[in-house]
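One structure follows; several queries about it will come next.
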Amino acid sequence: MNYWLIKSDPETYAFEDLCREGCTAWDGVRNFQARNNLAAMQVGDRCLVYHSQANPGVVGTARVVKAAYPDPKADDPRWVNVDVQAGEPLVRPVPLAELKAHPVLAQMVVVRQSRLSVSPVTPAEWKAVMGLAKKPRG
DNA sequence: GCCAACGTTGGC
DNA sequence: GCCAACGTTGGC
(Lines give C-alpha, C1' and ligand atoms only; values in the text may rest on other atoms or scores of the structure.)
Protein backbone atom coordinates (compact mmCIF):
# COMPACT_ATOMS: atom_id res chain seq x y z
CA MET A 1 0.00 0.00 0.00
CA ASN A 2 1.27 3.43 -0.91
CA TYR A 3 0.75 6.95 0.37
CA TRP A 4 0.04 10.05 -1.68
CA LEU A 5 -0.84 13.69 -1.29
CA ILE A 6 -3.61 15.19 -3.38
CA LYS A 7 -4.00 18.95 -3.53
CA SER A 8 -7.08 21.02 -4.09
CA ASP A 9 -8.06 24.65 -3.89
CA PRO A 10 -10.87 24.55 -1.30
CA GLU A 11 -12.72 27.29 -3.18
CA THR A 12 -13.01 24.83 -6.06
CA TYR A 13 -13.32 21.56 -4.16
CA ALA A 14 -12.72 21.33 -0.44
CA PHE A 15 -12.20 18.32 1.80
CA GLU A 16 -15.62 19.13 3.27
CA ASP A 17 -17.11 18.63 -0.20
CA LEU A 18 -15.49 15.19 -0.37
CA CYS A 19 -16.90 14.29 3.04
CA ARG A 20 -20.36 15.38 1.94
CA GLU A 21 -20.16 13.39 -1.30
CA GLY A 22 -18.45 10.41 0.30
CA CYS A 23 -16.63 9.53 -2.90
CA THR A 24 -15.53 11.52 -5.93
CA ALA A 25 -13.58 11.35 -9.17
CA TRP A 26 -10.27 13.18 -8.72
CA ASP A 27 -10.20 14.89 -12.08
CA GLY A 28 -8.78 17.82 -13.99
CA VAL A 29 -5.10 16.93 -13.58
CA ARG A 30 -3.23 18.25 -16.62
CA ASN A 31 0.37 17.90 -15.59
CA PHE A 32 2.52 14.98 -16.65
CA GLN A 33 4.21 14.39 -13.32
CA ALA A 34 0.93 14.57 -11.43
CA ARG A 35 -0.67 12.32 -14.04
CA ASN A 36 2.07 9.73 -13.62
CA ASN A 37 1.46 9.74 -9.88
CA LEU A 38 -2.28 9.29 -10.38
CA ALA A 39 -1.60 6.41 -12.75
CA ALA A 40 0.54 4.70 -10.11
CA MET A 41 -2.21 4.73 -7.48
CA GLN A 42 -3.78 1.43 -6.51
CA VAL A 43 -7.03 0.59 -4.77
CA GLY A 44 -6.47 0.83 -1.03
CA ASP A 45 -3.72 3.46 -1.21
CA ARG A 46 -4.08 6.26 1.32
CA CYS A 47 -4.02 9.97 0.51
CA LEU A 48 -3.41 13.12 2.45
CA VAL A 49 -5.81 15.81 1.30
CA TYR A 50 -4.11 19.19 1.10
CA HIS A 51 -5.72 22.59 0.70
CA SER A 52 -3.81 25.20 -1.29
CA GLN A 53 -4.29 28.99 -1.37
CA ALA A 54 -5.59 30.51 1.89
CA ASN A 55 -4.43 28.50 4.93
CA PRO A 56 -2.40 25.95 2.98
CA GLY A 57 -1.95 22.61 4.73
CA VAL A 58 -3.07 19.02 5.20
CA VAL A 59 -6.67 18.80 6.34
CA GLY A 60 -7.77 15.18 6.01
CA THR A 61 -7.30 11.74 4.56
CA ALA A 62 -8.84 9.75 1.72
CA ARG A 63 -8.61 6.28 0.24
CA VAL A 64 -8.26 5.24 -3.38
CA VAL A 65 -11.30 3.16 -4.36
CA LYS A 66 -10.79 3.02 -8.13
CA ALA A 67 -7.46 2.99 -9.94
CA ALA A 68 -6.64 5.24 -12.90
CA TYR A 69 -9.06 5.43 -15.81
CA PRO A 70 -9.31 7.95 -18.67
CA ASP A 71 -10.69 11.36 -17.69
CA PRO A 72 -13.98 11.60 -19.61
CA LYS A 73 -13.57 15.40 -19.78
CA ALA A 74 -10.17 15.23 -21.48
CA ASP A 75 -9.52 15.20 -25.22
CA ASP A 76 -6.62 12.83 -24.72
CA PRO A 77 -7.36 9.51 -22.95
CA ARG A 78 -3.90 9.58 -21.43
CA TRP A 79 -5.18 12.07 -18.86
CA VAL A 80 -6.57 10.00 -16.04
CA ASN A 81 -8.78 10.17 -12.97
CA VAL A 82 -8.90 8.04 -9.88
CA ASP A 83 -11.86 7.72 -7.52
CA VAL A 84 -11.26 8.53 -3.88
CA GLN A 85 -13.38 8.01 -0.82
CA ALA A 86 -13.37 10.44 2.10
CA GLY A 87 -11.35 9.28 5.09
CA GLU A 88 -11.13 11.25 8.30
CA PRO A 89 -10.62 14.96 8.83
CA LEU A 90 -7.46 15.60 10.85
CA VAL A 91 -8.25 16.38 14.47
CA ARG A 92 -6.00 19.38 13.94
CA PRO A 93 -5.09 20.38 10.37
CA VAL A 94 -1.35 20.62 9.78
CA PRO A 95 -0.40 23.93 8.14
CA LEU A 96 2.30 24.14 5.48
CA ALA A 97 4.43 26.21 7.86
CA GLU A 98 4.65 23.21 10.20
CA LEU A 99 5.59 20.88 7.37
CA LYS A 100 8.39 23.28 6.43
CA ALA A 101 9.57 23.51 10.03
CA HIS A 102 9.71 19.73 10.52
CA PRO A 103 13.01 17.97 9.77
CA VAL A 104 11.35 15.03 8.01
CA LEU A 105 8.39 16.81 6.42
CA ALA A 106 10.45 19.64 4.97
CA GLN A 107 11.66 17.01 2.51
CA MET A 108 8.17 16.18 1.26
CA VAL A 109 7.73 16.48 -2.49
CA VAL A 110 4.82 18.88 -2.05
CA VAL A 111 6.98 21.19 0.07
CA ARG A 112 9.87 21.13 -2.37
CA GLN A 113 7.70 21.33 -5.48
CA SER A 114 4.72 23.40 -4.47
CA ARG A 115 3.04 23.41 -7.87
CA LEU A 116 2.76 19.63 -8.16
CA SER A 117 -0.84 18.68 -7.40
CA VAL A 118 -0.39 14.93 -6.86
CA SER A 119 2.73 13.75 -5.10
CA PRO A 120 4.08 10.66 -3.35
CA VAL A 121 4.33 10.50 0.45
CA THR A 122 6.67 8.15 2.29
CA PRO A 123 5.46 6.02 5.22
CA ALA A 124 7.70 8.08 7.52
CA GLU A 125 6.16 11.30 6.25
CA TRP A 126 2.65 9.93 6.67
CA LYS A 127 3.45 8.93 10.24
CA ALA A 128 4.95 12.32 11.03
CA VAL A 129 1.93 14.19 9.65
CA MET A 130 -0.40 12.01 11.71
CA GLY A 131 1.75 12.72 14.74
CA LEU A 132 1.52 16.47 14.26
CA ALA A 133 -2.22 16.23 13.68
CA LYS A 134 -2.66 14.80 17.17
CA LYS A 135 -0.71 17.51 18.90
CA PRO A 136 -2.77 20.29 20.44
CA ARG A 137 -0.27 22.87 19.16
CA GLY A 138 2.65 23.04 16.70
C1' DG B 1 -1.48 42.12 -5.16
C1' DC B 2 3.11 40.59 -5.86
C1' DC B 3 6.56 37.48 -6.99
C1' DA B 4 8.94 33.01 -7.70
C1' DA B 5 8.73 28.62 -9.82
C1' DC B 6 7.45 26.07 -13.38
C1' DG B 7 5.09 24.63 -17.76
C1' DT B 8 3.93 25.72 -22.49
C1' DT B 9 4.31 27.99 -26.81
C1' DG B 10 6.36 29.72 -30.78
C1' DG B 11 10.15 31.82 -33.51
C1' DC B 12 14.31 30.77 -35.30
C1' DG C 1 16.65 21.78 -30.37
C1' DC C 2 17.23 26.17 -28.04
C1' DC C 3 15.49 29.94 -25.72
C1' DA C 4 12.62 33.98 -24.87
C1' DA C 5 7.99 35.25 -23.94
C1' DC C 6 4.06 34.30 -21.80
C1' DG C 7 0.55 32.00 -18.78
C1' DT C 8 -0.61 29.56 -14.49
C1' DT C 9 -0.12 28.14 -9.84
C1' DG C 10 0.66 28.84 -5.19
C1' DG C 11 2.69 31.06 -1.12
C1' DC C 12 2.99 35.06 1.31
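Sequence lines set the chain letters: A, B, ... in the order given, protein chains first and strands last, and positions in each chain run from 1.
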Problem set entry | Neighbour count >12 (heavy atoms, 6.0 Å) for atom CG, A:Asp75 |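 Atom CG in A:Asp75 is not packed in, count stays at 12 or less.
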For this session: In whole angstrom, give the distance that lies between atom NZ of A:Lys7 and atom C1' of C:dG11.
Result: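 Whole-Å distance recorded here is 10 Å.
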For this session: Mind checking the CD1-CG spacing from A:Ile6 to A:Leu48? Nearest 0.5 Å is all I need.
Result: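 That separation rounds to 9.0 Å.
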Problem set entry | Gap between atom SG of A:Cys23 and atom CG of A:Leu18 - 0.5 Å precision |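 Nearest 0.5 Å value for the CG-SG distance: 8.0 Å.
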Donor-acceptor pairs under 3.5 Å, side chain of residues 82-89 of chain A to any protein atom, not counting sequence neighbours: which ones?
unit_1: A:Asp83; atom_1: OD1; unit_2: A:Tyr69; atom_2: OH; d: 2.4

Problem set entry | Stretch residues 107-117 of chain A: residues that reach within less than 4.0 Å of DNA chain C through a heavy atom |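 Close to the strand are A:Ser114, A:Arg115.
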Exercise. How many Å lie between CD on A:Glu11 and P on C:dG11, as a whole number?
Worked result: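 Atom-to-atom, A:Glu11 to C:dG11, this comes out as 13 Å.
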For this session: Using the test side chain to side chain contact (heavy atoms under 4.5 Å, CB included), find all partners of A:Ala74 that sit at least two apart in sequence or belong to another chain.
Result: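 Counting only residues at least two positions away or on another chain, A:Ala74 forms a side chain to side chain contact (heavy atoms under 4.5 Å, CB included) with A:Arg30, A:Asp71, A:Trp79.
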At a cut-off of 3.5 Å, list every protein nitrogen or oxygen paired with a nitrogen or oxygen from nucleotides 8-10 of chain B, distance to 0.1 Å.
none

Show the atom names and distances, to 0.1 Å, of all donor-acceptor pairs under 3.5 Å that link a side chain in residues 99-109 of chain A to residues at least two apart or in another chain.
unit_1: A:His102; atom_1: ND1; unit_2: A:Val104; atom_2: N; d: 3.0
unit_1: A:His102; atom_1: ND1; unit_2: A:Leu105; atom_2: N; d: 3.1
unit_1: A:Gln107; atom_1: OE1; unit_2: A:Arg112; atom_2: NH1; d: 2.5

For this session: Calculate, to the nearest 0.5 Å, the distance between atoms CG and OG belonging to A:Asp9 and A:Ser117 respectively.
Result: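 Taking CG in A:Asp9 and OG in A:Ser117, the distance rounds to 12.0 Å.
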Exercise. With sequence neighbours left out, which residue pairs that include part of residues 39-55 of chain A fulfil the side-chain hydrogen bond (donor to acceptor under 3.5 Å, both in side chains) condition?
Worked result: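 Only A:Trp4-A:Asp45 qualify under side-chain hydrogen bond (donor to acceptor under 3.5 Å, both in side chains).
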